[in-house]
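What follows is a short report on a single structure.
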Amino acid sequence: MAAFSRVGTSVVRVAASFALVAASFAAAICVRAQTPSPALLVLEKGTEQLAIIDPATLKIVGRVPSGKGPHEVIASDDGKFAYISNYSTQELGYLKTLTPVDLAAQKALTPVDLGALRGPHGLAFGDGKLYFTAEANKIIGRYDPASNQVDWILGTGQNVTHMIVLSKDLKTIFTSNIGSNTICVIEPGGGRNGWNVTPVPVGKGPEGFDLSPDGKEVWASNSGDGTVSIIDVASKKVVATVDLKTKRTNRLKFTPDGRLVLISDDEGGELVLIDTVTRKERKRLKVGQGPEGTLVQPDGAKAYVSVSRDNAVAVIDLKTLEVTGKIENVSGPDGLAWAQRK
């Protein structure tokens, strides 16, 4: 009877443990958080995932597979979808896909095969279409989600065309070309495919850059010489160079009011803030090891910086110009985006 009692008790305990595990699993499924609006999107290179974060709580509410070699991410105009550039891996070299993500369903959709276009990296979204760089081909392209087709391509003739920015009216396109030390100003005209491409020489290794909110200036951070080149868009000429003595800059962003420029210094571990009126350094913030992707909220209240080697995202209050928080446990974060449902 004692042996039977011990066996019976063991069976009950195993059954209870199994029930607890099953209940926990079911609860985990049931409490899966909905995608908030707005949502902060963070690409995790380390685990090849897209993390969806509630900016109000700084909590991760979901993760979605990103595909191989993810580098940049952007949200559609209506905030319903995200698009990821699958750029490269050490094993495979340049890749040739874009990965769409349904943000409400937290689900990766069928990748977009770009065919002969390889090394998609920089992304911009405008008028319902996705613009991208194809670095290996020295080309920029445009993908139409409605038709599921690449409906336009244009050669830049420049080496390592890496990042892309659109003017608000979509009439001018800008690219940074790391290998050619140029920023391209691309406008409708009588040139190739009805477009004129003007490469503007800047400093060494321009990568991160942005267009001022008023559309009058482009600021480009030169990763190879620690400077920032300021381009007058109308004349397509560099009108000033700011020597910041940074070690290796990665991204550059304007605040919505145009008063500050934020520059991530990957090797320096800093976020450098520049006053755009005086064109002088305002402050340097120690944000951690490997600051890369940089994003400013549309309302200008906060900025976010991927700190890749710390597996974190730093949160900066743009009123106090201080680091006020960190999002932890994101694996090798890089590209950032803001999704607001409309």
Side-chain angles (χ1 to χ4, degrees), residues 33-44 50-63 72-77 79 82 103 123-125 163 165 168 208-214 219 221 249-266 268-277 281-342:
Q34 292 184 340
T35 299
S37 181
L40 174 65
L41 309 179
V42 180
L43 267 185
E44 298 181 272
L50 177 68
I52 302 171
I53 295 169
D54 185 343
T57 63
L58 303 183
K59 301 296 184 183
I60 298 171
V61 300
R63 282 186 164 100
E72 295 296 319
V73 61
I74 197 163
S76 59
D77 293 332
L103 291 174
L123 301 173
F125 206 92
M163 303 297 290
V165 170
K168 290 180 181 178
F209 79 104
D210 201 5
L211 178 66
S212 61
D214 63 10
W219 287 44
S221 58
T249 51
N250 185 272
R251 294 291 176 267
L252 181 151
K253 295 293 180 183
F254 274 91
T255 55
D257 60 11
R259 294 180 180 179
L260 286 176
V261 157
L262 283 60
I263 304 168
S264 59
D265 186 357
D266 188 355
E270 296 177 323
L271 182 70
V272 184
L273 296 91
I274 308 299
D275 185 306
T276 59
V277 175
E281 182 179 318
R282 175 91 173 266
K283 193 170 187 178
R284 291 191 185 222
L285 296 174
K286 290 288 185 182
V287 291
Q289 297 299 308
E292 296 186 355
T294 303
L295 173 77
V296 179
Q297 281 186 190
D299 63 4
K302 295 179 181 178
Y304 303 87
V305 181
S306 291
V307 189
S308 61
R309 293 190 288 281
D310 286 349
N311 297 318
V313 175
V315 183
I316 293 92
D317 185 315
L318 290 177
K319 291 183 178 179
T320 63
L321 304 184
E322 297 289 348
V323 177
T324 57
K326 277 196 175 182
I327 301 166
E328 306 283 358
N329 301 316
V330 282
S331 180
D334 188 5
L336 303 174
W338 191 261
Q340 178 88 51
R341 283 195 299 272
K342 297 177 182 176

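With values rounded to the nearest 0.5 angstrom, L123 atom CG is found 6.0 Å from I74 atom CD1. Interatomic distance, E44 CD to S306 OG, rounded to the nearest 0.5 Å: 9.5 Å. Here Q289 contributes atom CD and N311 contributes atom CG; the two are 12.0 Å apart, rounded to the nearest 0.5 Å. Expressed to the nearest 0.5 Å, how far CD of E281 lies from CG of L273 amounts to 8.5 Å.
Counting all heavy atoms, side chain and backbone alike, G293 lies closest to N250 at N-OD1, 4.0 Å. Between Q297 and Y304 the shortest heavy-atom distance is OE1-OH, 2.6 Å. S37 and Q340 get closest at one heavy-atom pair: OG-NE2, 3.4 Å. Minimum heavy-atom separation, G269 to P291: CA-CD, 3.6 Å. Residues P38 and P55 share a closest heavy-atom pair of O-CD, 3.3 Å.
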Listed pairs under 3.5 Å, donor-acceptor, residues 326-339 side chains, sequence neighbours left out:
unit_1, atom_1, unit_2, atom_2, d
K326, NZ, V287, O, 3.4
D334, OD2, K45, NZ, 2.8

Indicate every side-chain donor-acceptor pair of residues 252-266 with a distance under 3.5 Å to a residue at least two apart or in another chain.
unit_1, atom_1, unit_2, atom_2, d
T255, OG1, D257, OD1, 2.7
T255, OG1, L260, N, 3.2
T255, OG1, L260, O, 3.4
D257, OD1, R259, N, 3.0
S264, OG, R251, N, 3.0
S264, OG, E292, O, 2.9
D265, OD1, K247, N, 3.3
D265, OD1, R248, N, 2.9
D265, OD1, G268, N, 3.3
D265, OD2, K247, N, 3.0
D266, OD1, R309, NH1, 3.3

Please walk me through it: do V313 and V305 pass side-chain contact (heavy atoms from CB on, under 4.5 Å)?
-> CA-CA 5 Å; V313 175; V305 181; 5.8 Å; no
Show your reasoning for whether side-chain contact (heavy atoms from CB on, under 4.5 Å) applies to I274 and T276.
-> CA-CA 6 Å; I274 308 299; T276 59; 5.7 Å; no
Determine, step by step, whether L40 and L295 satisfy the side-chain contact (heavy atoms from CB on, under 4.5 Å) criterion, reporting the C-alpha distance in whole Å, the side-chain angles of both residues, the deciding distance to 0.1 Å, and the verdict.
-> CA-CA 9 Å; L40 174 65; L295 173 77; 3.4 Å; yes
Apply the test salt bridge (Lys or Arg N to Asp or Glu O under 4.0 Å) to residues K283 and E322: give CA-CA distance (whole Å), side-chain angles for both, the deciding distance (0.1 Å), then the verdict.
-> CA-CA 10 Å; K283 193 170 187 178; E322 297 289 348; 2.6 Å; yes
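Within a 6.0 Å sphere centred on CZ of R282, heavy atoms belonging to other residues, nucleotides or ligands number 12 at most.
In this structure a side-chain-to-backbone donor-acceptor pair under 3.5 Å is missing from D310 to A312. T57 places a side-chain N or O within donor-acceptor distance of the main-chain N or O of K59, the cut-off being under 3.5 Å.
Considering only heavy atoms from C-beta on, L41 stays 4.5 Å or farther from I53 through its side chain. The side-chain heavy atoms of L321 and I316, taken from C-beta on, include no pair separated by under 4.5 Å. Side chains of L285 and E270 form no contact here, defined as non-hydrogen atoms less than 4.5 Å apart.
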